[in-house]
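Some notes on the structure that comes next.
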Number of protein chains: 2
Amino acid sequence: MGRKAHFTNEQFYSAAMSRVAENGPESVTVASIAEAIGAPVGSVYHRFSSREMIMAGLWLSIAESFQKGFLEILDAGHCIAASLYTPQWVRRNPIESKILLLYRREELIGGEWPEQVRERAEGLEQELRSGLNSFVKKQFGRCSEKNIRRMVFALIDVPLASVRRHLENDETPPEYVDELVRETCITMMEVRNENI
Amino acid sequence: MGRKAHFTNEQFYSAAMSRVAENGPESVTVASIAEAIGAPVGSVYHRFSSREMIMAGLWLSIAESFQKGFLEILDAGHCIAASLYTPQWVRRNPIESKILLLYRREELIGGEWPEQVRERAEGLEQELRSGLNSFVKKQFGRCSEKNIRRMVFALIDVPLASVRRHLENDETPPEYVDELVRETCITMMEVRNENI
DNA sequence: GACATATTAGAACCAATATTCTAATATGTA
DNA sequence: TACATATTAGAATATTGGTTCTAATATGTC
């Protein structure tokens, strides 16, 4: 029927993504996205209902892709590999990782989360929680609150901490961070009797 | 000579601080600070040359106070205690810790760092680096790059990671985070031969 | 080729907020 | 009490950036 689209959604996302990685989330204005791909601002609003929707879509697609890989490893029961997933993913995806791991979600998406977006985000959380639960059950026999916390720490919090410093400096995380993360993960797996 | 000040600097800082803790750095407008203490915006600019200067002063005073306590423990050579300093400080300073540990510095202080402010910040970094160096020298005999990294990880990055999740949720870090941090710190202190 | 509609196009609009400016006011000193 | 000045006071200004609106344009279908 109508005329063919001149720009793809990916182009809009990609423009937003580069700008976030280069100058931080604040610098992403609707005008800057438009300019980056040579479109007028009106076109942006024709595709997306608001700036928030662009940022949310971008964030979600990166988060989904990250989490997919993580859960595959976790489901396979590879504990150490799961803890190393973050630094390795960061090396493979330097731009995406700044958006997902360096900035807070609220910096990217300030205001209202439209229903549809919230659902996708909740789906992600749900999926992660259940993946962790079954991992812990498999590894430790039973899924105590204490063991869940240990694994969140070993597989998520610590790996994130290990790369953040490097993301801030725009450098690829050096190999030694894997060693630190691995040692921590091994320690966390050594659950003593009183912990079970 | 002139008339006495009606408001103290602390009042301005404190107003800014509460707002950051409650609604995030974005919500701190010059008008909101003024309103919080019942002053007109003009008074704010009479004291501070810009919004940035308020935020920078606030951030610096918190950072200095945090770091002072940390370095005392570190200088005393108490490794585990140093790693536990962060979660414990967070429990004692719930408001301050959101400003110092939850938000990125760039969120608080966006643009230019005036000379004077930059100097104070650089002083802090310098002081921390040198404190860490002498700690590592004392603990490990020699101050290798590798050991420095391990200690930054054990004493700074991991403790920070251990509380961030809780700061986001506006809850005091539960006691068990100390256990996780302690175990990690112990692991990091066990430097094997090939690491020295 | 004519029509319908998706899309481009960009000017205009609006809201928020940092900053400036001018006037009024209070207080320490002579 | 009168003067000098730090401070309060808040209205006015300027800028930035998201959003809306109207017109022009291209493209698939009849």
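Order of the sequence lines sets the chain letters (A, B, ...), proteins ahead of strands, with each chain counted from 1.
- Between A:Pro40 and B:Ser27, the residue whose closest nucleotide on DNA chain C is further toward the 5' end is A:Pro40.
- Nucleotide C:dA26 holds its P atom 11 Å from the NE2 atom of B:His6, rounded to whole Å.
- Rounded to a whole Å, the CD1 atom of B:Ile54 is 15 Å from the P atom of C:dT17.
- Residues B:Phe153 and A:Val158 are in side-chain contact: their nearest non-hydrogen atoms beyond the backbone lie under 4.5 Å apart.
- Between B:Asn9 atom CG and D:dT8 atom P the separation is 10 Å, expressed in whole Å.
- Rounded to an integer number of Å, the gap from B:Ile37 CD1 to D:dT8 C1' is 11 Å.
- Whole-Å rounding puts the A:Arg47 CZ to D:dT19 C1' distance at 18 Å.
- Note: A:Tyr85 and A:Phe70 have tilted aromatic rings, judged against thresholds of 30 and 60 degrees for the angle between ring planes.
- The 5' end of DNA chain D is approached more closely, in terms of each residue's nearest nucleotide, by A:Glu26 than by the other of A:Ser49 and A:Glu26.
- For B:Thr29, the listed nucleotide lying nearest its side chain is C:dA18; candidates were C:dT8, C:dA18, D:dT8.
- Distance from the side chain of B:Ser43 is smallest for D:dT8 among the nucleotides D:dT8, C:dT8, C:dA18.
- Regarding B:Glu35, its CD atom lies at a distance of 16 Å from the C1' atom of C:dA18, rounded to whole Å.
- The backbone N or O of B:Leu180 sits nowhere less than 3.5 Å from a side-chain atom of B:Glu183 that would complete a donor-acceptor pair.
- Distance CD1 (A:Ile33) to C1' (D:dG17): 12 Å, rounded to an integer number of Å.
- Rounded to whole Å, the distance from OH on A:Tyr45 to P on C:dA12 is 18 Å.
- Under the 6.0 Å distance and 45° angle rule, A:Arg47 does not count as a cation-pi partner of A:Phe7.
- One finds a salt bridge joining B:Arg91 and B:Asp178 here, because a Lys/Arg side-chain nitrogen approaches an Asp/Glu carboxylate oxygen to under 4.0 Å.
- Contact check, B:His46 against D:dT8: no side-chain N or O comes under 4.0 Å of OP1 or OP2.
- Mapping B:Val41 and B:Phe7 onto DNA chain D via the closest heavy atom, the residue that lands nearer the 5' end is B:Phe7.
- No engagement by B:Val44 is indicated, since no non-hydrogen atom pair under 4.0 Å with the nucleic acid exists.
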